[in-house]
Amino acid sequence: MALPYDPQQIEPRWQEYWAHEGFAAVDTAGEKDLYMLMMFPYPSGDLHVGHGRNYILGDCLFRMFLMQGRKVLNPMGWDAFGLPAENAAIKRNIHPHEWTVANIGRMKDQFRRWGILYDWDKEIASCEPEYYRWNQWLFNRMLESGLAYRGKSPVNWCPSCRTVLANEQVVAGGCERCGTPVEQRDLEQWFLRITAYADRLLEGLDRLPDWPEKVKLMQRNWIGRSEGCDVRFAVEAVAEPLTVFTTRVDTIYGATFVALAPEHPLVERFRATAPDPDFGEFVDTLKNQTRLQRESEGGDKAGRFTGAYAVNPFSGERLPIWVANFVLMEYGTGAIMSVPAHDERDFAFATKYGLPIRLVIAGPGMGPDTVLSEAYSGPGAVVNSGPFSGLASEESKAAMGAFAEERGFGARKVRYRLRDWLISRQRYWGTPIPVVYCADDGLVPVPDGQLPVVLPTDIEFGGSEGNPLERSASFTAATCPKCGKPARRETDTMDTFMDSSWYYARFVNPHIRDAMIDRERVARWMPVDLYIGGVEHAILHLMYARFLYKVLHDFGMVPGDEPFTVLFNQGMITAKSKVSGKLEKMSKSKGNVIAPDALISRYGADTERVYTLFMGPPEKEVEWTDDGVMGAHRFLQRVWGLQDIVAESADRTGAAGATEEILVATHRAVKRVHDDLARYHPNTAIAAMMELINTMAEQQAAASGAALRQAYETLLRLLHPIAPHVTEEIWRILGHEGSLLGAGWPSFDAALLAKQQVTLAVQVNGKLRATVAVEPGLGAEAAGAAAREAVAKWLEGKEVAKVVHVPDRMVSFVVKG
RNA sequence: GCCGGAGUGGCGGAAUGGCAGACGCGCGGGACUCAAAAUCCCGUAUCCGCAAGGGUGUGAGGGUUCGACUCCCUCCUCCGGCACCA
C-alpha cells in the first residue's frame, strides 16, 4: 500500500527542487522560441484565490510548453509605483519603498507555494531607479520629438487622491481608484500626444486577430473616430467666425440654431448683452458643476439665448446662438449647429424652448412637409435644401463637404473622442518628471547624462496637504543644466501606467545598464506571443502599451509596432459578498476573500490548482465554492491511489478486451488534453483525465499490468501542468529519475483512434430512433443498410424519400406516408 | 439610450449544424463499519409506464434545414462597456 497522500510533506520539497534546478531560466542571448507573459501585478501584499486564477493558468501553459521541449521566456516583475504604498506611508509611517519591498517578498512566497515557476533572474520592480531612469530617458526622447508637452487645459482632479487623472482613469465621473467625484480644474500639466497615434492605434487592431473582439471593440469605441466637417459661421457684430463640427453636413439646411458650450470663449462676449437677466449666473453654474453633477441631470436640456446671431453659410439664414448644457467644450470645437429634426438632443432642446424644427432629410414614407414627433436620424432623400434637394443624404454629405471647401467656409475633418494622455501626478511614489525650471532659460530637460532623477528619501509623509516632493528642499533645489544657476525642479511624477507600458520589452534583458532595452535581443524576442491578464485593463494599460510600443518603433528601437500577438483575458473569481449578499469580485471590504493559505495547508496547492482550472472556462466569471474544492481533492486522491493498482497488476498479462480499452482510453485522453489546453480550456482537459481514471478503475482487475502502467505514466505527464507536485512525487515513486518537466509531452496514435468502432445515430424524420455500432469509414450504402435494420419498425409501410448519411456520425431517413 | 456578451438539470458546466446534459458538485440508495468519517458501487432532466418503450425539453415566439443549444428574425432577462462625442 502506498503512503497516504500528504501534500504538506510533498509540496515544499518539489518547490525547492524546481527552483534549484532552474527550469524556468532562459538565456535570451539565444534564439527566440516563445515569449509568454502575465500582466505584472501591483505588489499589494496578499494574494487571494481570485488572483491565483491568472497565475495558475499561466503556469499550467508554461509547464506544458516546457514539456513539449519549447524554450520559453516567462518572467515576472512588479508594477511597484502607486498610491497604496504612499497611503500606507501616511497611515503607518513606513517608507513606501520599505512597504513595497516587504509586499514583494510576501507575493513571491505566495507564488512559490502555488508551485508557480518564473525566471526570477529577470525580475524587475518599476520603483527602482535602474528601471525608472528609462522612463525619464524615454520622456526626454518624447520631449525632443514633440510627443511630450506641457499644456494648460481643464483636467480631472481627484480631491481624495489629491492628484490629477487621465481621462481613462475617470469612471462614471469618479476616480478610478477611490470613486470620489472628480473636479475640473484648469491646470498646466504634462501630456503625451497619444492622439497623434489615434489612426494607427485603430488600424493596428485590425492586425490582431488573436485578441478578444470585445477588447478591440472597447478600444475602438474609446478612440471614437468620426468623420465629419468643420463649418465656419459668421457671427453678427463679431469679427472672427464661429467654427462648428458636424458629422451631418447633409442636414445643415435644417439647422435652426447654434449652440455653444458654457466654456466656449465667445460666451463671455455676450455675458453683458444677453437678454435673460440670469444669463451670467446660468453660465457660471454650469461651469462650476463637476462632470458627475452634469451627468446626473439625466439628459435634461437647459440653455439660454445669447442675443446674438450666426449666419448659415449655405443658406445665408440668421440663426440664434444659444448656450446649452449638453454641448461639451472637450469635444470638437465646443460649438454645434443644431438640427432638431434630425438629432435627438437638438429635438429635445428645440421642443423645450420653442425653436423651429425643419425637416431636411425625408426617410422612408416621409415627404418635405412631414411633421415629426421625434428626431429622424436615419438616411433619406435631401429636401428643403436649396440646390442640394433631391440628392440622397450620403451623396449630399460629400457634395456639401466639397462645396464648403470650394467656397472656403469649411473643411472635411476627422475627430476623435480620445484625448492626449495626461501623465502628471502630484504624488511622491512615481517616476520624477526630469525637468527643471530656470528663471532665465525656462523649462529645461535634465540631460540624459544626469539621469536618473532619483526620488529623495528625506520625506515627511502625512500631515500636510499636497505633494511631499514640494516640501523636500534637497529635491526641489536644482541647478539649471544650461546656465548653471539655481533652478526649481519639477515635482510632478509620472502616471504609473507609464511604467507598465514598456516593461515587457525590458524583460528580454532586464539588467542592462547602458540602454533602456537591448535592441538586438528585443528584435528577436518581441513581440510577446501570449499575454494573459484581466479584462479590466482592456483600455487603460493595453492602449497605453500599444501607444508607447509604436513610439518605440518609430524611434527604431523595436521590431514591429504591436507588442502582444495573442491576448487572453481571464475572468474574475467571485464569491458572495458579506456586505451586499450578491456575487462580487473578491475584496477585503466585501468580506468575501478566500485566502489560499488555509486551503493549501488543508488540501495542498495542487488541489487549489485543479479546482481553479476545473471551475469553468478561464475567460468566464465563476463563483468559488468550497464543495468544488473537495471534488478536486478527491480527484487527486484517486490519482494517488492508482499507485496500488499499478503495483498489484504489474505481472498480470490481462484480458485482451480490457487491455485494448485502457490503451484506447489513454490515447483518447492524450488527444483531448492536448486539444483542450491548446485552446486554453483546462476545464475540459481535466474532465478528459477524470474519464481516463474512471476507465482505469473499471478495468483495473482485467487489463494487463503493462497497459495500466502505461496509462498511469501518461496520465502523470498530462496532469503535471495542472497538479505539478503530486505528479512529480508519484513519478519518482514509480522509479523515474529527474523531473516530469523533462519527461516529454505524450503523443497519441491517430490511427488507433480512427479504427475504433463508431456509433451512428439513426434518425427518422429528424427524430432519433436508434443507434448502431459500426466499423469506422463505412460507405453510405453499408451504413444505410445497418441503419435501416435498426429502425425497421419506424419505416414499415412507409416510403423512404431521402437518406442522409454523415460518415461515422449518423444516418437520417426522410419518409412519407 | 447606444454597443457588446450570455441565458442548458438542484448547482458549476460539456457538446466542428448530426445521440443535449460529458466531467464534477449535490442528492437518493447500497457495500464496508459496533457506529461514524473516509472510501467504493448503483441511480439521478422531466412526464407516462412494472418494464420494454414512448412523449416533452437548451429564456419566449417565429423561420431556414432531412436535422438547430449551435444559423436568421422579433422579444424578454441578466452581466459588461460607453454614455449628451454633435
Side-chain angles (χ1 to χ4, degrees), chain A residues 4 171-173 212-222 224-226 228-229 244-248 251 259 261 294-295 297-301 324-328 330-339 342-346 348-349 377 415-418 535-536 538-539 571-572 583 610-611 614-617 619-632 634-635 637-638 641 672 676 681 683-691 694 697-698 759-772 793 800-815:
Chain A
V171 178
E213 285 306 318
K214 177 187 161 116
V215 171
K216 289 191 277 186
L217 188 72
M218 281 169 71
Q219 292 207 0
R220 285 191 186 102
N221 290 342
W222 189 265
R225 182 192 152 98
S226 59
C229 211
V244 305
F245 175 66
T246 177
T247 54
R248 294 295 305 269
T251 64
R294 242 202 245 186
E295 278 165 14
E297 294 186 0
D300 281 352
K301 305 286 178 288
N325 66 344
F326 69 94
V327 183
L328 304 176
E330 304 93 275
Y331 188 77
T333 61
I336 61 167
M337 63 176 214
S338 286
V339 185
H342 305 295
D343 183 284
E344 211 182 305
R345 295 153 300 178
D346 297 344
F349 193 87
S377 56
R415 292 201 185 263
Y416 305 89
R417 207 185 78 107
L418 180 73
V535 73
E536 64 273 19
I539 294 172
M572 283 189 309
L583 285 179
V610 169
Y611 178 55
F614 185 62
M615 300 171 81
E619 69 275 12
K620 271 190 66 176
E621 185 178 303
V622 284
E623 182 193 354
W624 184 274
T625 59
D626 291 336
D627 289 339
V629 176
M630 288 296 301
R634 205 171 295 155
F635 167 63
Q637 294 265 27
R638 292 185 72 195
R672 283 181 55 190
D676 289 347
H681 277 208
N683 54 323
T684 49
I686 293 169
M689 290 186 254
M690 287 170 167
E691 286 182 51
N694 287 344
E698 279 160 27
T759 310
L760 291 183
V762 187
Q763 295 180 354
V764 179
N765 279 350
K767 282 198 189 288
L768 180 77
R769 292 306 181 189
T771 58
V772 295
K793 74 169 187 176
V800 176
K802 193 177 171 189
V803 182
V804 182
H805 172 239
V806 181
D808 293 347
R809 302 306 296 251
M810 53 87 63
V811 176
S812 179
F813 295 99
V814 185
V815 300

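In what follows, every chain begins at residue 1, and chains take the letters A, B, ... in the order their sequences are listed.
Look at Arg634(A) and you won't find any side-chain N or O under 4.0 angstrom from OP1 or OP2 of G24(B). Proximity of Arg638(A) to the phosphate of C40(B): a side-chain N or O atom is located under 4.0 Å from OP1 or OP2. Of the side-chain N and O atoms in Asn683(A), none sit less than 4.0 angstrom from OP1 or OP2 of G12(B). Under 4.0 angstrom from either OP1 or OP2 of U56(B) there lies at least one side-chain N or O belonging to Lys767(A).
As rounded to the nearest Å, A51(B) and C66(B) have C1' atoms that lie 33 Å from one another. With both ends at atom P, the span from G13(B) to G59(B) equals 14 Å, rounded to whole Å. A gap of 27 Å separates the C1' atoms of G62(B) and G1(B), to the nearest Å. Look at the C1' atom in both U65(B) and G12(B): the space between them is 33 Å, to the nearest Å. Of the C1' atoms belonging to C11(B) and G67(B), the separation is 31 Å, rounded to the nearest Å. Nucleotides A14(B) and C50(B) place their P atoms 38 Å apart, quoted to the nearest Å. Here, A15(B) and C76(B) have their P atoms 30 Å apart, quoted to the whole Å. Using atom P as the reference point in both C42(B) and G24(B), the two lie 12 Å apart (nearest Å).
Here the P atom of nucleotide A83(B) and the CZ atom of Phe326(A) are 18 Å apart, to the nearest Å. Protein atom CZ of Phe813(A) is 14 Å distant from nucleotide atom C1' of G67(B), rounded to whole Å. Distance, Glu623(A) CD to C78(B) P: 19 Å, rounded to whole Å. The separation between Ile686(A) atom CD1 and A22(B) atom P is 17 Å, rounded to whole Å.
Nearest to the side chain of Leu217(A), among A86(B), G18(B), C3(B), sits C3(B). The side chain of Met218(A) approaches G81(B) more closely than any other nucleotide in the set G54(B), C25(B), G81(B). Distances from the side chain of Val804(A) to the nucleotides A22(B), G54(B), C66(B) place C66(B) closest.
Note on Thr771(A): a base of the nucleic acid sits closer than 4.0 angstrom, heavy atoms only. Residue Ser338(A) is out of contact with every strand shown, counting any heavy-atom pair closer than 4.0 Å. Residue Gly332(A) is out of contact with every strand shown, counting any heavy-atom pair closer than 4.0 Å. Within the 4.0 angstrom heavy-atom criterion, base atoms lie near Met810(A). Note on Arg769(A): only backbone sugar-phosphate atoms sit closer than 4.0 angstrom, heavy atoms only; bases stay farther off.
Residues Gln763(A) and Val804(A) form no side-chain contact, since every pair of their non-hydrogen atoms from C-beta on lies 4.5 Å or further apart. Counting only heavy atoms from C-beta outward, the side chains of Arg417(A) and Glu330(A) never approach each other to under 4.5 Å. Contact annotation: the side chain of Thr333(A) never approaches that of Tyr331(A) to less than 4.5 Å [non-hydrogen atoms, C-beta and beyond].
When the shell of 6.0 Å around CD of Glu623(A) is examined, it contains more than 12 heavy atoms from other residues, nucleotides or ligands.
With hydrogens and angles ignored, a donor-acceptor pair under 3.5 angstrom links the side chain of Gln763(A) to the base of G18(B).
Residues Asn694(A) and Arg638(A) bring a donor and an acceptor atom of their side chains to less than 3.5 Å of each other.
Val811(A) pairs in a side chain to side chain contact (heavy atoms under 4.5 Å, CB included) with only one of the listed residues (Val806(A), Leu760(A), Val764(A)), which is Leu760(A).
Of all nucleotides present, only G81(B) satisfies the Watson-Crick or G-U wobble test against C2(B), with each distance under 3.5 Å.
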